[in-house]
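In this chain, numbering begins with 1 at the start of the sequence shown.
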Amino acid sequence: MPKRPDSAPGAALLQGCSQKGHNRMPGQQAGDWTARPCPECMGLFEPKVVNQLFCKPEHNTAWNNRATKRGRVLTPLSIVARVTRNGTRGTPEAREAGRVASSQHNTLIQRYRDEDRAANDGKGRMEWPDFMILRIRQGFDPL
């Protein structure tokens, strides 16, 4: 059977789907949400769904890949620092490991924060506390 030409520019995307879109929870297709900043580029955008955090998928991927990479480095340091109470509990070796881990953890967090502030030709990325506030308001639960 020959293909019919699409009458509307977005018709190919809607084939087999209702006008409201599929796989959307009630209320997600309502639209008209207030513009919000993209955490990656800090540009304002109008979300397509109520819980959209990033202006485009590439920014979501970049943010999550960077967070994963940083988390792999910070997590062991954070655990050791916490377990040894920043080097004040445990055996002498554990205390030293805790002090070193705490110092490296703090240094890396400051380095990452500086990188984020200098990103996007000086416009920066969203600060992590602001990102967590945005996530909580949108109903994301990390647990």
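- What you find for G71 and P76 is that their closest heavy atoms are O-CD, 4.4 Å.
- Note that NE2 of H105 and CG of N86 are 9.5 Å apart. Values are rounded to the nearest 0.5 Å.
- Dense packing is recorded around CG of D141, with more than 12 heavy atoms of other residues, nucleotides or ligands lying under 6.0 Å away.
- R36 is not listed as a side-chain neighbour of L44, based on a closest heavy-atom distance of 4.5 Å or more.
- The line from SG of C38 to NE2 of H59 is 5.5 Å long, rounded to the nearest 0.5 Å.
- Residues Y112 and L77 fall within the same hydrophobic cluster, defined by Ile, Leu, Val, Met, Phe, Trp and Tyr side chains chained together at heavy-atom separations under 4.5 Å.
- A101 approaches A81 most closely through the heavy-atom pair CB-N, 4.2 Å.
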Please list, one pair per line, the donor and acceptor atoms closer than 3.5 Å that link side chains of residues 122-133 to other protein atoms, with sequence neighbours excluded.
unit_1	atom_1	unit_2	atom_2	d
R125	NE	E40	OE2	3.4
R125	NH1	D116	OD1	2.6
E127	OE1	R113	NE	3.4
E127	OE2	R117	NE	2.9

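- In this structure, W63 is a member of the same hydrophobic cluster as F140, with clusters built from ILVMFWY side-chain heavy atoms closer than 4.5 Å.
- Atom CG of N65 sits about 12.0 Å away from atom CZ of R70, to the nearest 0.5 Å.
- Distance alone, capped at 3.5 Å, is enough to place a donor-acceptor pair between the T88 side chain and the R85 backbone.
- Residues L53 and L134 are in side-chain contact: their nearest non-hydrogen atoms beyond the backbone lie under 4.5 Å apart.
- One N or O on the side chain of T61 and one on the backbone of P57 form a donor-acceptor pair closer than 3.5 Å.
- Side chain of Q110 to backbone of N106: no donor-acceptor contact under 3.5 angstrom is found.
- In terms of modelled atom types and a separation under 3.5 Å, the side chain of T107 and the main chain of S103 share a donor-acceptor contact.
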